[in-house]
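The figures that follow rest on heavy atoms only: side chains count, while hydrogens, waters and symmetry mates do not.
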Amino acid sequence: MISLEQPPSRPIKLTRESNTGVFIAIAVIGLWAISLIILLSLDITQFNFLMLLPIIFWQTFLYTGLFITAHDAMHGVVFPKNTKINHFIGTLCLSLYGLLPYQKLLKKHWLHHHNPASEIDPDFHNGKQKNFFAWYFHFMKGYWSWTQIIALTSIYNIVHYVFDIPKDNLTYFWVIPSLLSSLQLFYFGTFLPHSEPESGYSDPHRAQTISRPIWWSFITCYHFGYHEEHHEYPHISWWQLPEIYKKKLGLGVRSEELKVINI
């Protein structure tokens, strides 16, 4: 496992059961799978598009959960007791998400954490494409390949013709949610937190926290708005980021003066 951790100096104590991460991961994967199976078998001929929208957003949220779980696996926190199981879960999540190669993303994520918002950060823009859509397409070029697109297209047609799943169901509940999820992850996990402020970057992680109410933070992108905290404590699970943020505020000290200890 590549170590992304750069420990600060003062301790914050967090209580975390060692198996919690894997239970949450299994719940996310299971919920995504059950939801997709139900939706693919749903008769939507009587539905209008406005009725489908909340269902599409729901499935998008679950797709984002798959990626966030894989991201936690990259940091070794899904199942820290067993590295092989931890990375297997990460690989499974990215395969279900869109046949993304786990090892490739792991290496790129390592580069991102150690060289944030720099020329060698694979998630950063190239200095010219700073607006949202230009940056997004530049970002996506680094993670998608024709091999993946051809494989996904083949799976789409096999599922349609072999299992007689309607194309509308596949498009609305499999294709569109995965694409919307990529936009969601990019906007809340890269564009907002890593865009350069007018005054310039002020911390070595070149990341800022977008503070929101806890419920809204969860819905928008599984607490990835707490992005400064994530870069400061990369060994902390997504569901613990709000607690880190609160403890920092309560102690009234700077991020670089704190260290997290899990007990």
Participant: Can Ile44 and Asn169 be said to form a side chain to side chain contact (heavy atoms under 4.5 Å, CB included), step by step?
Facilitator: CA-CA 8 Å; Ile44 61 172; Asn169 292 58; 3.6 Å; yes
Participant: Restricting to non-hydrogen atoms, name the atom on Cys221 and the atom on Ile68 that form the minimum distance, rounded to 0.1 Å.
Facilitator: O-CD1, 4.4 Å
Participant: For Ser181 and Thr60, test the side chains for any donor-to-acceptor distance below 3.5 angstrom and give the result as yes or no.
Facilitator: no
Participant: Consider only side-chain N and O atoms of Asp123 and Tyr143, and report whether a donor and an acceptor are under 3.5 Å apart.
Facilitator: yes
Participant: Working to the nearest 0.5 angstrom, can you tell me the gap between Ile29 CD1 and Leu31 CG?
Facilitator: 11.0 Å
Participant: Counting only N and O atoms by type, is there a donor-acceptor contact under 3.5 Å from the side chain of Gln184 to the main-chain atoms of Thr220?
Facilitator: yes
Participant: Does CG in Asp164 sit with more than 12 non-hydrogen atoms of other residues, nucleotides or ligands closer than 6.0 Å?
Facilitator: no
Participant: Is the NZ atom of Lys130 crowded by more than 12 outside heavy atoms at less than 6.0 Å?
Facilitator: no
Participant: Hey, do the aromatic rings of His112 and His194 have their centres closer than 6.0 Å?
Facilitator: yes
Participant: For residues Ser217 and His223, report the shortest heavy-atom separation together with the two atoms involved.
Facilitator: OG-ND1, 2.8 Å
Participant: With a 3.5 Å distance limit and no angle check, can you tell me whether Glu228 reaches the backbone of Ile210 through a side-chain donor-acceptor pair?
Facilitator: no
Participant: Looking at side-chain heavy atoms only, is the closest gap between His71 and Phe224 below 4.5 Å?
Facilitator: yes
Participant: With the 4.5 Å side-chain cut-off for hydrophobic clustering, are Ile34 and Ile89 part of the same group?
Facilitator: no
Participant: Is the backbone N or O of Leu179 less than 3.5 Å from a side-chain atom of Ser182, with the two atoms forming a donor-acceptor pair by type?
Facilitator: yes
Participant: Do Phe57 and Ile55 have side chains that approach each other closer than 4.5 Å (heavy atoms only, starting at C-beta)?
Facilitator: no
Participant: Taking all non-hydrogen atoms of both residues, which atom of Ile214 and which atom of Pro242 are closest, and how far apart?
Facilitator: CD1-CB, 3.3 Å
Participant: With side chain to side chain contact (heavy atoms under 4.5 Å, CB included) as the test, would you mind laying out the steps for Arg212 and Tyr226 before giving the verdict?
Facilitator: CA-CA 9 Å; Arg212 299 179 179 88; Tyr226 297 106; 5.6 Å; no
Participant: With a 4.5 Å cut-off on side-chain heavy-atom distances among I, L, V, M, F, W and Y, is there a chain of contacts connecting Ile155 to Val162?
Facilitator: yes
Participant: If only side-chain N and O atoms count, and only distance matters, is there a donor-acceptor pair under 3.5 Å linking Glu232 with His205?
Facilitator: yes
Participant: Using the side chain to side chain contact (heavy atoms under 4.5 Å, CB included) rule, take Phe67 and Cys93 through it: C-alpha gap first, then chi angles, then the decisive distance, then the call.
Facilitator: CA-CA 6 Å; Phe67 192 93; Cys93 285; over 6 Å; no
Participant: Could you report the tightest heavy-atom contact between Trp58 and Ser35, atom names first, then the distance?
Facilitator: NE1-OG, 3.1 Å
Participant: Return yes if a side-chain donor-acceptor contact under 3.5 Å exists between His114 and His109, otherwise no.
Facilitator: no
Participant: Would you say the side chains of Thr209 and His227 form a donor-acceptor pair under 3.5 Å?
Facilitator: no
Participant: What pair of heavy atoms forms the shortest contact from Asn115 to Asp121, and how long is it?
Facilitator: O-CB, 3.0 Å
Participant: Would you say the side-chain atoms of Tyr156 pair up with the backbone N or O of Lys167, donor to acceptor, closer than 3.5 Å?
Facilitator: yes
Participant: Rounded to the nearest 0.5 Å, how far apart are CD1 of Ile56 and CG of Leu39?
Facilitator: 10.0 Å
Participant: Could you go through Trp135 and Phe124, starting from their C-alpha distance and side-chain angles, then the distance that decides it, and tell me whether this counts as side chain to side chain contact (heavy atoms under 4.5 Å, CB included)?
Facilitator: CA-CA 8 Å; Trp135 187 352; Phe124 202 53; 3.5 Å; yes
Participant: State whether the side chain of His75 and the backbone N or O of Pro234 hold a donor-acceptor pair below 3.5 Å, judged by distance alone.
Facilitator: yes
Participant: Between Trp238 and Phe218, what is the ring plane arrangement, given parallel below 30°, perpendicular above 60°, and tilted in between?
Facilitator: parallel
Participant: Do Ile38 and Tyr172 share a hydrophobic cluster, counting only Ile, Leu, Val, Met, Phe, Trp and Tyr and linking them when any side-chain heavy atoms are less than 4.5 Å apart?
Facilitator: no
Participant: Counting C-beta onward and ignoring hydrogens, is there a side-chain heavy-atom pair between Tyr187 and Leu183 closer than 4.5 Å?
Facilitator: no
Participant: Test your reading of the model: is there a side-chain donor-acceptor pair from Gln148 to the backbone of Ser145, 3.5 Å cut-off?
Facilitator: yes
Participant: Report yes or no: does Tyr97 contribute a side-chain atom to a donor-acceptor pair with the main-chain N or O of Ala70 at less than 3.5 Å?
Facilitator: no
Participant: Aromatic rings Tyr222 and Phe61: how do their planes relate, parallel, tilted or perpendicular, breaks at 30° and 60°?
Facilitator: parallel
Participant: Angle class for the His113/His231 ring planes (parallel below 30°, perpendicular above 60°, tilted otherwise)?
Facilitator: parallel
Participant: Answer whether the closest heavy-atom distance between the side chains of Tyr63 and Gln59 falls below 4.5 Å.
Facilitator: yes
Participant: Is the OH atom of Tyr136 crowded by more than 12 outside heavy atoms at less than 6.0 Å?
Facilitator: yes
Participant: Taking atom NE2 of His125 and atom OG1 of Thr190, what is their separation to the nearest 0.5 Å?
Facilitator: 11.5 Å
Participant: Rounded to the nearest 0.5 Å, how far apart are CG of Leu99 and CD1 of Ile149?
Facilitator: 11.0 Å
Participant: Do His160 side-chain atoms and Ile165 backbone N/O form a donor-acceptor pair below 3.5 Å?
Facilitator: yes
Participant: Between atom CG of Leu94 and atom CG of Leu105, what is the distance when rounded to the nearest 0.5 Å?
Facilitator: 5.5 Å
Participant: Under a 4.5 Å side-chain heavy-atom rule over Ile, Leu, Val, Met, Phe, Trp and Tyr, are Trp174 and Tyr161 clustered together?
Facilitator: no
Participant: Might you work through the ring-ring contact (aromatic ring centres under 6.0 Å, His included) test for Phe186 and Phe132, ending with a clear yes or no?
Facilitator: CA-CA 9 Å; Phe186 173 75; Phe132 175 79; 5.4 Å; yes
Participant: Taking a hydrophobic cluster as the set of Ile, Leu, Val, Met, Phe, Trp and Tyr residues connected by side-chain heavy atoms closer than 4.5 Å, whether directly or through intermediates, do Leu52 and Leu50 fall within one such cluster?
Facilitator: yes
Participant: Measuring from Leu62:CG to Leu96:CG, what's the distance to the nearest 0.5 Å?
Facilitator: 12.0 Å
Participant: For Lys108 and Gly142, indicate whether the former's side chain and the latter's backbone hold a donor-acceptor pair under 3.5 Å.
Facilitator: yes
Participant: I'd like to know if the side chain of Asn86 reaches the main chain of Val78, judged simply by a donor and an acceptor atom lying under 3.5 Å from each other, with no hydrogens or angles considered.
Facilitator: yes
Participant: To check you understand the geometry: which heavy-atom pair defines the closest contact between Asn82 and Ile85, and what is its length?
Facilitator: OD1-N, 3.0 Å
